[in-house]
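Structure, as structure tokens:
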Amino acid sequence: MDSQGQTTSLQRLQNVEKRIVKVLELAGGVMDELASPVGPRKDVVQNHCLEFMQLIKDIQVALRDEIKSACEYRPFEKCDYGPRIANEICHKKVEFIMSQLDTMKQTIDEYHAAV
């Protein structure tokens with residue numbers, strides 16, 4: 001956890017990228033062994049496959065952690081801009097409605113005064 005706190009997300013993703021390159025190299029190594037004219041060496045193929053599977057697990061864990069970290073990141077969590085603007089809009093609406101009601105009341109009063 002401390003190492004994660006000391007490295008940036010970009011650095012961690014670059015490490016994942018290096019692991020992906022290593023996985024591809026391992027897959028290529030297995031393909032070379034399988035295509036060998038003398039036949040594949042069982043121990044080399046087995047070691048490459050074990051390392052391949054371990055790296056795939058590590059990549060999955062690292063990417064899952066990065067996704068979780070990105071989902072938890074909320075830079076504007078304590079920002080009051082949205083609620084403040086919504087409040088200002090509501091205030092303007094109330095002012096508009098009040099002016100309309102005042103106009104209606106004035107029209108009604110003028111009507112009653114004329115009758």
Side-chain angles (χ1 to χ4, degrees):
M1 186 74 171
D2 290 336
S3 64
Q4 270 192 343
Q6 294 172 351
T7 59
T8 66
S9 179
L10 183 58
Q11 290 169 328
R12 290 188 299 271
L13 289 173
Q14 285 173 337
N15 289 335
V16 168
E17 181 181 18
K18 290 175 186 174
R19 288 181 191 152
I20 291 171
V21 169
K22 179 66 177 169
V23 161
L24 294 173
E25 289 171 352
L26 287 169
V30 169
M31 295 302 289
D32 287 343
E33 278 297 317
L34 293 175
S36 173
V38 294
R41 294 174 291 183
K42 183 179 178 184
D43 59 329
V44 172
V45 171
Q46 185 175 4
N47 288 338
H48 280 7
C49 288
L50 288 173
E51 190 175 352
F52 177 91
M53 292 307 294
Q54 185 57 51
L55 282 170
I56 292 293
K57 279 185 188 177
D58 294 345
I59 290 167
Q60 287 176 331
V61 168
L63 290 177
R64 192 176 308 121
D65 289 345
E66 283 305 308
I67 291 169
K68 182 179 176 188
S69 172
C71 291
E72 291 172 351
Y73 179 67
R74 294 187 177 111
F76 303 109
E77 186 173 317
K78 296 184 182 187
C79 178
D80 69 340
Y81 178 77
R84 188 168 36 92
I85 293 301
N87 187 31
E88 287 179 24
I89 291 170
C90 288
H91 185 263
K92 293 290 183 191
K93 287 179 179 178
V94 168
E95 284 180 346
F96 177 74
I97 291 170
M98 286 176 60
S99 71
Q100 294 293 327
L101 289 172
D102 286 343
T103 304
M104 288 172 63
K105 183 179 184 307
Q106 184 179 3
T107 303
I108 291 170
D109 288 345
E110 289 173 3
Y111 174 77
H112 287 294
V115 175

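Side chains included, hydrogens not; waters and symmetry mates left out as well; all remaining heavy atoms used.
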Check: Hey, does the side chain of Ser69 reach the backbone of Asp65 with a donor-acceptor pair shorter than 3.5 angstrom?
Finding: no

Note to self: Can you tell me how far apart NZ (Lys22) and CD (Glu17) are? Round to the nearest 0.5 Å.
What the structure shows: 15.5 Å

Notebook entry, point to check: Atom CD1 in Ile56, atom CD in Gln60: separation rounded to 0.5 Å?
Noted result: 7.0 Å

Margin query: If I take atom NZ from residue Lys92 and atom CD1 from residue Ile89, how far apart are they, to the nearest 0.5 angstrom?
Written below: 11.0 Å

Checklist line | Which atom of Val23 lies closest to which atom of Phe52, heavy atoms considered | finding: CG1-CE1, 3.1 Å

Next item on the list: Would you confirm whether Glu33, through its side chain, and Arg41, through its main-chain N or O, come within 3.5 Å as a donor-acceptor pair?
Entry: yes

Margin query: Is there a side-chain contact between Gln46 and Leu50 in this structure, where contact means two heavy atoms from C-beta onward sitting under 4.5 Å apart?
Written below: yes

Item checked: Qualifying salt bridge (Lys or Arg N to Asp or Glu O under 4.0 Å) pairs with a residue from residues 52-61, counting only residues at least two apart or across chains -> none

Check: Checking Asn47 side chain against Asp43 main chain: does a donor-acceptor pair fall under 3.5 Å?
Finding: yes

Next item on the list: Can you see which heavy atom on Gly29 is nearest to which on His48, and at what distance?
Entry: C-CD2, 3.8 Å

Check: Just how far is it from atom CG of Leu13 to atom CZ of Arg19, taken to the nearest 0.5 Å?
Finding: 10.5 Å

Check: Rounded to the nearest 0.5 Å, how far does CD of Glu66 lie from CG of Asn15?
Finding: 10.0 Å

Next item on the list: Kindly indicate whether the side chain of Arg12, heavy atoms from C-beta on, has any atom under 4.5 Å from the side chain of Thr8.
Entry: no

Check: Could you go step by step and tell me if Glu51 and Leu55 meet the side-chain contact (heavy atoms from CB on, under 4.5 Å) rule?
Finding: CA-CA 6 Å; Glu51 190 175 352; Leu55 282 170; 4.2 Å; yes

Note to self: If hydrophobic clusters are built by linking Ile, Leu, Val, Met, Phe, Trp and Tyr wherever their side-chain heavy atoms come under 4.5 Å apart, do Leu26 and Val45 end up in the same one?
What the structure shows: no

Notebook entry, point to check: How far does NZ of Lys18 sit from CD of Gln14, to the nearest 0.5 angstrom?
Noted result: 6.5 Å

